[in-house]
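Both backbone and side-chain heavy atoms feed into the values below; hydrogens, waters and symmetry mates do not. Every chain is numbered from 1 and lettered A, B, ... according to where its sequence line falls, protein lines coming before strand lines.
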Amino acid sequence: MRLKCPLCGDRDRREFYYYGAEDYLHRPAEGAPLADWDNYLHLRDNPAGVTKDLWYHEQGCAQWLVVTRNTVTHEISGVELVAERKA
Amino acid sequence: MRYSGLKVITEGLFGNKGWTPAWRDPAPKAEYDAIIIGGGGHGLATAFYLAKNHGLTNIAVLEKSHIGSGNIGRNTTIVRANYFLPGNSEFYSHSLKLWEQMESELNYNVMHSQRGLINLFHSDGQRDAFVRRGNAMINQGDDAILLDREGVREHLPYLDFEQTRFPIYGGLLHPRGGSARHDAVAWGYARGADQRGVDLIQNCEVTGIDIANGKVVGVQTTRGAIRAKKVGIIVAGRSSQVAAMAGMRLPIESHILQAFVTEGLKPVINHVVSFGMGHFYISQSDKGGLVFGGDLDFYASYASRGNLPMVEHVMEAGMTLMPMIGRAKVLRSWGGIMDMSPDGSPIIDKTHIDGLFVDCGWNYGGFKAVPASGWCMAHLMATGESHEVAKMFRLDRFATGHLLDEEGTGSQHNLH
C-alpha cells in the first residue's frame, strides 16, 4: 500500500504511522461528561467500507494526515493535511 | 451416532456406508428461546453449553455462511494458559481445563496436542518479567518452568543462539500449552450442540435486530424473521456491523493479522515457540506444515489479506531466530480479521438492551478461548449473571477505567 502525501507525494506505507480513526480529531471540551471521553477514546464505528483515519508521516514531512480509504479493498480515495482542515 | 475405534473398523469392513451427517440441516422455526448469531467456534460452544449445562435446547445458531467458515478456520491454533492479570488468568486457566476434557466431552477428535509452549526472552529485564508471569501461572494452578539458555538449547537446538541483536537468555516453558485441529473444534461443538437439539441454521444472514421497549424480541434474517427473547452476538470479525443493527457502537477496531504455512516437512519443530521481541511465533502442524505468524498490519482493515511489509518482517524474524527454515517454501498466507479492543482483552457481557448479549473483542487470542468463552457466555445468557471467571470482561470497563491491559501497552486498538 502507498499513500499520496500532499507534501511529499506518493510514498511507501512503511514511512507512515497509523494512529486510529478520525474520531481522535474530535476531542471533547474540558469538563465534558465521561461518556464523551469514552466515545472519543474507545468507541468506534469501525465500518467495513469507506472510513477516515489518522496517519502520521513519520519518515517524511512529519505531518498528520486524514486518509479516506476503503477498509475492504484498501483503495485510497483521499489524503489531506490535518493542519489545513477547517475546524 | 457415537464415534469409536470399533465403529471405524466395522465401517471400514462394510464399505463405509453407515456414516450419517454429523448434524442436521433444519429450516428455521418462527421462534426460539434463544438465538446465537454466529456459527463460529465461540457461537457453537455457547450453544453446546447452553444445552449441556443449562438444559436450554430450543435454541438456534444462525450462520451467514457455513459452519466454521470464519476465524475458527483461519487461525494458527495455539492453545495456552499463560496469562498474568487477575481476570485473564483464571479465565484462560478454566479454558485450558476444558480443552483437556474436550475430546471426551464431545466424542470428537480435535487433535489437541499438549506439546509445550516456549516463550523466549532476551534480556535480564525480560527474564524478570517472565519469572513474574510464571509465578502468576503457577499461583493460578497451571504450569510454568523457567529455562536458562542451556535449558532452551536442550528443547530447541536449532535456534540461532549466536545472534547479536536478540541473544537468547532463556525461555518460559508452559508444558500444557500446545495446539489443536481448528476445524475439528468447530465441527465437534456443532455436532455436540445438534445432538442436544440445537438448530444449526447455515446460509442465514442476520440483517436486523428487532427491539421493542428496550427489549430484544427477535432478528430479521435472509431466511425470514425469527423471534427470541434472548439473542447473543458472537461474531468476532464482524462485531461492529452486527452491533450497529442494535444501534450500538462497540469499543472495537478491526485489524488484519497475517499467518503463513509452508509445504509439509518431516517433524522438526516439536513445540510452539514464540519470539516476542521479533514478533514471531511458530509451530508445526500434524500434516507437517510450519505454521507461523507475526504482528498486526497495524491499520484498520476488513480485507482478509495483508500487506507486504509485514510479510517481509515476519520472514526476517523467522530467519533471525531459526535460519534453518529458510529452506522451506511458503505454500500460502492469509489474513484474519481481528476484533481489536482498546486494552487487548475480550468482552462477554450483557448490553443496555434487555436480552441482548455480546461476546466479542477477542483480538488475536480467540482460538484458545473457545471452550471457556462458550461456557461463560452460556452462563451469562442462561442466568443473566457473569460467570465467575469472566466477570472482568465487561463492556463498560473502558468508560469506568477497569482495563485489562495484559501487555501494558495503552488504550489504543492497534497496540496489543
Inset, instruction - Could you check whether the rings of B:F393 and B:W362 sit parallel, tilted or perpendicular, using 30° and 60° as the cut-offs? - result: perpendicular
Inset, instruction - Could you tell me which portion of A:R44 (side chain, backbone, both or neither) has an atom closer than 4.5 angstrom to a non-hydrogen atom of chain B? - result: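 For A:R44, the contact with chain B is made by backbone and side chain together.
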Legend entry - Proximal component of A:N46, with respect to chain B [non-hydrogen, under 4.5 Å]: both
Quick check on [X] against chain A: is it the side chain, the backbone, both or neither that has a heavy atom closer than 4.5 Å?
X      : answer
B:L250 : backbone
B:H255 : side chain
B:R238 : side chain
B:E253 : both
B:A244 : neither

Strictly less than 4.5 Å between heavy atoms, which residues of [range] line up against chain B? Please order them by number.
range                     : value
residues 20-28 of chain A : A:G20, A:A21, A:D23, A:Y24
residues 51-72 of chain A : A:W55, A:R69, A:T71, A:V72
residues 2-11 of chain A  : none

Legend entry - chain A contacts, top residue of B:S240, B:S341, B:A300, B:P342 (heavy-atom pairs, under 4.5 Å):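 Max contact count across the listed options: B:A300.
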Within the 4.5 Å heavy-atom criterion, are [X] and [Y] side-chain neighbours or not?
X      : Y      : answer
B:D339 : B:I347 : no
B:N307 : B:F298 : no
B:F292 : B:M315 : yes
B:S69  : B:E63  : yes
B:F398 : B:D343 : yes
B:L308 : A:R13  : no

Legend entry - A:Y18/B:H413 aromatic ring centres below 6.0 Å: no
Rounded to the nearest 0.5 Å, what's the gap from [atom1] on [X] to [atom2] on [Y]? Could you check?
X      : Y      : atom1 : atom2 : value
B:I36  : B:T46  : CD1   : OG1   : 5.5 Å
B:N213 : B:I353 : CG    : CD1   : 12.5 Å
B:H416 : B:E406 : NE2   : CD    : 11.0 Å
B:S301 : B:L257 : OG    : CG    : 11.5 Å

Inset, instruction - Using modelled atom types only, decide if a donor and an acceptor are shared between the side chain of B:Q202 and the backbone of B:I67 within a distance under 3.5 Å. - result: yes
Legend entry - Test side-chain hydrogen bond (donor to acceptor under 3.5 Å, both in side chains) applied to B:S373 and B:D359, step by step: CA-CA 8 Å; B:S373 169; B:D359 177 312; 2.7 Å; yes
Inset, instruction - Mind ranking A:D45, A:N39, A:L41, A:D12 by heavy-atom pairs under 4.5 Å with chain B and telling me who comes out on top? - result: A:D45
Inset, instruction - Run the numbers on B:R397 and B:D349 for salt bridge (charged side-chain N to carboxylate O under 4.0 Å, His left out), then give the verdict. - result: CA-CA 11 Å; B:R397 69 174 182 271; B:D349 205 356; over 6 Å; no
Inset, instruction - State, to 0.1 Å, how close B:M248 and B:T351 come at their nearest heavy-atom pair, and which atoms those are. - result: CE-CG2, 3.6 Å
Legend entry - Listed partners of B:D297 passing side chain to side chain donor-acceptor pair (under 3.5 Å), at least two apart: B:Q258
